[in-house]
Amino acid sequence: MDRADFYDQVYQVVRLIPKGRVTSYGAIAAYLGTKGSSRMVGYAMNDAGKVHPQVPAHRVVNRQGLLTGKFHFGGNTMEELLAGEGVKVADDKVVNFKELYWDPSIELAL
DNA sequence: TAAGTGACAGCGT
DNA sequence: CACGCTGCCACTT
C-alpha cells in the first residue's frame, strides 16, 4: 500500500499538469521527495492507463523532453494527444520543451 | 529467496 | 560537445 500511495501522489501531480504543458519524471520525483527514484515515476505511469481518472501520462516526458514512453501508449498516441493540446512534437521530442516545461516544485511550490 | 529489468537522471571520460 | 557507465527503488519471473 505504501508504494500505492506513492503512485497516487504521482497521479495527482500529473493530473495537475495544465493542458498544453509537460513535465519530467525527475521533476515529479523530486517534488515527491524521491528524487533518486525518477524511474519509479515512470513505473507509476505504467499503471496510469489503469488508474481511475485518466492520467495525462503523455504530458510526462524525460529530462530531454523526449517521448520515451510513447511506445507504451501504443503507437503515436502520445504525439497525437500532445499535438491535440497544442504541444508540438518533432522527432519524438517536445518542441519548445523549455517553454512548455511545468515544474511542480515551482508551480505547486506554495 | 534471488536475479534481472526498466516510461530516468547525473557524472565521468 | 557527444557517448558511456553507474546509481535508485520497485516490480516481475
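Hydrogens, waters and symmetry mates are skipped; everything else that's a heavy atom, side chains included, is used. Chain letters run A, B, ... following the sequence lines, proteins first and then strands; every chain starts at 1.
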Determine yes or no for a side-chain-to-main-chain donor-acceptor pair under 3.5 angstrom, with A:Tyr11 supplying the side chain and A:Ala44 the backbone.
yes
For DNA chain B, produce a single dot-bracket line, 5' to 3'. Pairs: Watson-Crick or G-U wobble, both distances under 3.5 Å. Symbols: ( ) within strand, [ ] crossing, | other strand, . unpaired.
.|||||.||||||
Contact pattern, 5' to 3', of nucleotides 8-13 of chain B - B, S or - by protein heavy atom under 4.0 Å
BSS---
Restricting to non-hydrogen atoms, name the atom on A:Arg59 and the atom on A:Leu82 that form the minimum distance, rounded to 0.1 Å.
CA-CD2, 4.2 Å
Can you tell whether the side chains of A:Arg21 and A:Glu107 come within less than 4.0 Å, N to carboxylate O?
no
Between A:Phe73 and A:Leu81, does a side chain to side chain contact (heavy atoms under 4.5 Å, CB included) hold up when you go through it step by step?
CA-CA 10 Å; A:Phe73 273 79; A:Leu81 289 169; 4.1 Å; yes
Here the pair of heavy atoms bringing A:Asp92 nearest to A:Glu79 is OD1-OE2, 2.9 Å
Set out, line by line, the N/O atom pairs under 3.5 Å between protein and nucleotides 10-13 of chain C.
from, atom 1, to, atom 2, distance (Å)
C:dC11, OP1, A:Arg3, NE, 2.7
C:dC11, OP2, A:Arg3, NE, 2.8

Main chain of A:Ala29, side chain of A:Thr34: is a donor-acceptor contact present, judged purely on distance under 3.5 Å?
yes
Identify whether any heavy atom of A:Phe71 sits under 4.0 Å from a base atom; if not, whether one sits that close to sugar-phosphate; answer base, sugar-phosphate or nothing.
nothing
Compare every heavy atom of A:Phe97 with every heavy atom of A:Val61, then report the nearest pair and how far apart it is.
CG2-CE1, 3.4 Å
Taking A:Gln64's backbone N and O only, do any of them form a donor-acceptor pair with A:Asn62's side chain (distance below 3.5 Å, no angle check)?
yes
A:Ile28 CD1 to C:dC9 C1': how many Å, rounded?
16 Å
Using a heavy-atom cut-off of under 4.0 Å over every strand shown, decide if A:Ala57 touches base, sugar-phosphate, or nothing.
base
Linked, directly or transitively: A:Trp102 and A:Val94 (ILVMFWY side chains, under 4.5 Å)
no
Quick one: A:Tyr11 OH to B:dA7 P, roughly how many Å, whole number?
15 Å
Looking only at heavy atoms, the pair that brings A:Lys93 and A:Leu66 closest together is CB-CD1, 3.8 Å
Round to the nearest Å and state the distance from A:Asp92 atom CG to B:dA7 atom P.
14 Å
So which heavy atom on A:Thr23 is nearest to which on A:Pro104, and how close?
OG1-CD, 3.7 Å
